[in-house]
Every structure is written in C-alpha cells, then in structure tokens.
2 protein chains.
Amino acid sequence: MPKRVDHAQRRAHIADALVRVAARDGLHAVTMRAVAAEAGMSLNLVQYYFDTKAQLVHSALLHLEHQSHERWAARLESLNDPETARACLEAFVAEAVPTDEASRAFRLVWTSYAVLAMTDPELAEQPFIEGPNRLERQLTEVLARAQKAGRIAAHLDVSIEATRLLSLSHGVGTSVLVGQRSATQALEVMHYHLARLFSDPTPLEAP
Amino acid sequence: MPKRVDHAQRRAHIADALVRVAARDGLHAVTMRAVAAEAGMSLNLVQYYFDTKAQLVHSALLHLEHQSHERWAARLESLNDPETARACLEAFVAEAVPTDEASRAFRLVWTSYAVLAMTDPELAEQPFIEGPNRLERQLTEVLARAQKAGRIAAHLDVSIEATRLLSLSHGVGTSVLVGQRSATQALEVMHYHLARLFSDPTPLEAP
DNA sequence: GCCTTTACCGTACAGCGGTACTATAAAAAC
DNA sequence: GTTTTTATAGTACCGCTGTACGGTAAAGGC
C-alpha cells in the first residue's frame with residue numbers, strides 16, 4: 001500500500017472530514033481523533049499530514065474559503081444571463097442563505113471560525129478580512145454597472161449597498177442557523193431587500 | 001466569614017467573571033478554573049454555586065440576556081423624545097453596534113453562544129429565538145407607529161423591515177468584531193439604512 | 001540487491017479540565 | 001451550649017486531548 005500518494009488530495013480529504021465534524025457537532029468538538037475517525041484513518045495519519053492541530057485547523061479554514069470561492073464562481077458561470085445585475089444578486093442571495101444542507105454546514109463552520117477569529121486576530125487576517133472585502137468589491141462593481149444602466153437609483157451609494165447586502169445576508173443566515181427563522185423566511189427577507197434596492201414599488205405578493 | 005450570603009448576587013458575580021473571560025479569551029477558554037480565578041475565588045466556590053459547568057454556562061447566558069435587556073430598556077428610557085420612531089431606531093443602532101468595549105464584549109460573547117446553540121438546539125430555545133423575536137416585535141411596533149404617522153412609506157412591510165434592521169445590525173456587528181470594519185464604518189452603514197428607511201432623499205453628507 | 005524514503009500503525013506520556021470527596025470554621029438554630 | 005447548617009478550602013481522580021516515540025512493510029533509487 002505504501003505507494004506514492006497525492007498529499008494535497010489527502011490533506012483536502014482530512015480538511016473535509018474536519019468540516020463535517022464541525023458542522024455536525026460544533027468546532028469545539030473537533031479533535032484530532034474525531035477528525036481521524038471521520039476521515040476513516042488513524043490518528044497518526046492526521047498527524048502525519050498536519051504536524052500540529054493549529055495547522056490542521058488553519059488549513060481547513062483556507063480549504064473552506066477556497067471551496068466557497070469555487071461554489072460562488074460556478075454559480076456565477078451557470079447564470080444564463082450574467083449581464084443583468086438582478087440575476088447576479090439573486091444568485092448571491094441563493095448562495096448566501098443556508099438553504100440546503102451543504103450551504104448550511106458551510107455557513108455554520110464559517111461562523112464558528114469567525115467567532116474564533118474574534119479573539120485570535122492572526123487567524124482572521126486573510127480569510128475574514130480580505131475574503132469579504134473581495135466579495136464586497138465584486139458586488140460593488142455589479143451594483144455600479146446596474147446604476148450606470150439606470151437599473152438602480154442614482155443617489156444610492158453602491159459601496160454601502162454592497163456592504164448592506166453582504167451583512168444582511170450574514171445576519172439572516174445566522175438567524176436561520178440558530179433556528180429563529182426558516183430558510184424560506186430568510187429568502188423572503190433577502191428578496192424584499194433586493195426589491196427595495198431596485199426601487200420596485202410593488203410591496204408584496206398579493207395574499 | 002461564613003455569614004449568610006446572597007446567592008443570587010454571588011451567581012451574578014461569577015456569571016460576570018465568565019463573560020469577562022469569554023470576551024477576552026473566547027468562550028472556548030472558559031473553564032471552571034479560569035472563571036474562578038477571574039472571579040477571585042476558589043474553584044470549589046464556583047462549583048458550590050453552580051453544580052455543573054453546563055449549568056454555569058447556561059446561567060451566564062441568561063444573565064447576559066437579562067443584562068442586555070436592562071441596557072436596552074435604560075437607553076430607551078433615557079430618550080428625551082421617546083415618541084419619534086427615528087430617535088428610537090437611532091438608539092437601537094447605537095445599542096446594537098459594538099462601539100464601546102462593553103458592547104463589543106457583549107456582542108462577542110453573545111455570538112459565541114449563538115454558534116454553540118447552532119449545534120446544541122436546547123441551549124438555543126429561549127435566548128436565541130424568543131429574545132430576538134421579542135426585539136423584532138418591539139421594532140415592528142415602532143415602525144408601525146411611524147408608518148401610521150406617515151414617517152415611513154406606506155408600502156413597506158414593517159415586520160420585514162424590523163427583521164432587516166436586526167439582521168443587518170447583527171451582520172455589521174460581526175464584521176466589526178472580526179476586524180473587517182471599524183465601528184464607525186458600521187454606524188455609517190446603519191445610518192445609511194435608516195436614511196433609506198425614512199425615504200430620506202439625501203444620499204450622503206457632503207465631503 | 002541493498003539502502004533510503006514513504007506511508008502507515010499502535011501506544012505511551014504529560015497536561016488539563018470537570019467532578020467528587022473530605023475538612024473546617026463561623027454563623028444560626030434551638 | 002450544643003448541634004446543625006452554611007460558606008469556604010484543598011486535593012485527588014479520571015477521562016480526554018495533543019504530541020511524541022518506536023516500529024513496519026512496501027516502493028523507489030542506484
């Protein structure tokens with residue numbers, strides 16, 4: 001069996017296992033042994049691919065961000081009319097709100113890491129500051145294009161609108177995860193937000 | 001020294017210590033010993049007032065919610081013109097965004113608990129569902145009054161607006177805590193949101 | 001064909017964390 | 001004044017967790 005093995009793939013496999021454990025039992029339940037069991041390998045192998053737990057945890061975070069990136073990029077590419085800002089923002093909302101189990105797991109683990117980062121600043125640097133900033137810039141661009149096209153009001157600050165969109169989605173996402181709201185209700189709120197953004201005077205669907 | 005002692009006060013003292021530890025080092029760093037040290041008492045006393053750690057953690061959460069309640073009520077009462085919805089919502093924003101150290105600590109610990117609750121549903125019940133729901137109802141009432149008074153547009157859904165306010169404040173609050181944004185920027189976003197709510201056509205302050 | 005490297009295993013060790021047990025003075029009860 | 005309760009202390013135990021150490025068999029290099 002000891003033939004040559006793809007380290008990157010093994011590490012990804014382990015990181016995935018960590019994310020599954022964290023999503024199921026919480027990040028506090030992530031232990032070397034639990035991750036090893038979830039990955040179907042021995043404790044020692046986890047140690048073999050990640051010298052220390054800190055490295056493992058950190059790598060899993062980067063892995064998570066990378067995955068999120070790919071999901072987002074894939075969804076953007078699968079848009080039939082990627083030109084319209086509305087479709088783009090709808091896609092963002094669909095991606096951001098924890099509807100299916102996968103996105104629920106992702107957002108749960110991500111938020112867990114965010115809480116960790118609040119008291120461990122060096123963990124935060126890249127993923128929690130640069131990541132969201134990049135997303136905000138993307139959204140800002142989309143909004144700016146829509147504004148130039150006259151689709152959203154000229155007096156709006158597209159940069160703040162991007163922040164508002166991102167922060168609101170994080171907020172409702174959290175409320176879904178703690179069980180205060182259903183994913184459907186969250187989507188309703190986000191669609192309402194988009195409707196207001198596009199100055200849609202239609203208040204609500206008829207009862 | 002063993003004279004009669006106010007248990008409720010002792011428990012509150014310990015809960016405060018727990019919150020301080022959690023705010024400084026994270027909820028994962030909260031141990032019986034750490035709390036005891038922070039509270040300036042022996043490990044055994046903490047055990048004496050809270051039989052088990054689960055009880056301690058749960059009690060501290062209730063304590064935190066109670067404190068938050070009182071802070072919010074106090075701020076509402078200190079309003080000079082509590083009738084106007086705008087003032088009320090400004091107060092909400094000022095309370096919700098982690099500006100000073102106290103509110104930063106509160107929001108950090110609260111969010112930590114929220115993450116715990118995501119994988120421990122019985123922890124969530126009262127504080128994370130009923131708490132925010134109550135706040136949302138309050139905000140909804142305020143908005144409904146403002147709407148009847150003609151201060152905000154008639155076609156808005158005051159209930160969703162309340163949700164939007166709360167969720168947005170949580171979202172930007174989190175972004176402040178992870179260091180992505182300053183509290184000032186967060187306040188800017190919230191004020192922008194209020195301005196849009198009140199259909200204030202003024203886009204931004206002049207540069 | 002030999003030796004090094006690589007992928008893996010089992011186990012052990014040390015530290016920490018929650019909990020339990022025993023003790024002890026001061027107050028309260030009677 | 002004795003007895004019981006109450007608030008406190010110290011300490012010990014056990015399980016879990018991260019990490020380290022020693023071993024092993026297959027593959028690859030030369």
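We name chains A, B, ... by the order of the sequence lines, and we start the count at 1 in each one.
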What are the two closest heavy atoms between B/A60 and B/L18, and how far apart are they? CB-CD2, 3.8 Å

Can you confirm whether the side chains of B/H69 and B/R134 place a donor and an acceptor under 3.5 Å from each other? yes

CA sep, side-chain torsions, deciding dist, call: B/E136, A/Q180, side-chain hydrogen bond (donor to acceptor under 3.5 Å, both in side chains): CA-CA 11 Å; B/E136 266 186 52; A/Q180 190 207 349; 3.1 Å; yes

Side-chain N,O (B/S42) to OP1/OP2 (D/dA9) below 4.0 Å: yes

C/dA7, OP1 or OP2 - any side-chain N/O from A/H7 closer than 4.0 Å? yes

Ionic contact status for A/R137 with A/E130, cut-off 4.0 Å: yes

Please list, chain by chain and in numerical order, all residues satisfying side-chain hydrogen bond (donor to acceptor under 3.5 Å, both in side chains) with B/D25, sequence neighbours excluded. none

On the nucleotide C/dC8, are OP1 or OP2 found under 4.0 Å from the side-chain N or O atoms that A/Y49 carries? yes

Tell me if a side-chain donor or acceptor on A/E95 pairs with a main-chain N or O of A/R75 at a distance below 3.5 Å. no

Considering only side-chain heavy atoms of A/Y48, which listed nucleotide, D/dT8, D/dT19, C/dA7, is closest? C/dA7

B/F50 CZ to C/dG18 P: how many Å, rounded? 14 Å

Output the residues of residues 16-25 of chain A in contact with DNA chain C, where contact means a heavy atom of the residue under 4.0 Å from an atom of the strand; sort by number or write none. none

Between P of C/dA7 and NE2 of A/H13, the distance in whole Å: 16 Å

One character per nucleotide, please: for nucleotides 12-18 of chain D, 5' to 3', B when the base has a protein heavy atom closer than 4.0 Å, S when only the sugar-phosphate does, - otherwise. B----BB

For B/Q47 and B/D6, find the nucleotide of DNA chain D closest to each by heavy atoms; which residue's nucleotide sits nearer the 5' end? B/D6

Between B/R10 and D/dT8, does any side-chain N or O lie under 4.0 Å from OP1 or OP2? yes

Heavy-atom distance under 4.5 Å between the side chains of A/L116 and A/L61, does that happen here? no

Would you mind reading off the distance between A/M41 atom CE and C/dC9 atom P, rounded to a whole angstrom? 8 Å

Please report the distance, rounded to the nearest Å, between CG in B/L45 and P in C/dT19. 16 Å

Write down the distance between NE2 (B/H28) and C1' (C/dC16), rounded to a whole number of angstrom. 14 Å

Would you say that more than 12 heavy atoms from the other residues, nucleotides or ligands in this model lie under 6.0 Å from the CZ of A/R151, or not? no

Do B/R145 and B/E141 sit within salt-bridge range, that is, some charged N less than 4.0 Å from a carboxylate O? no

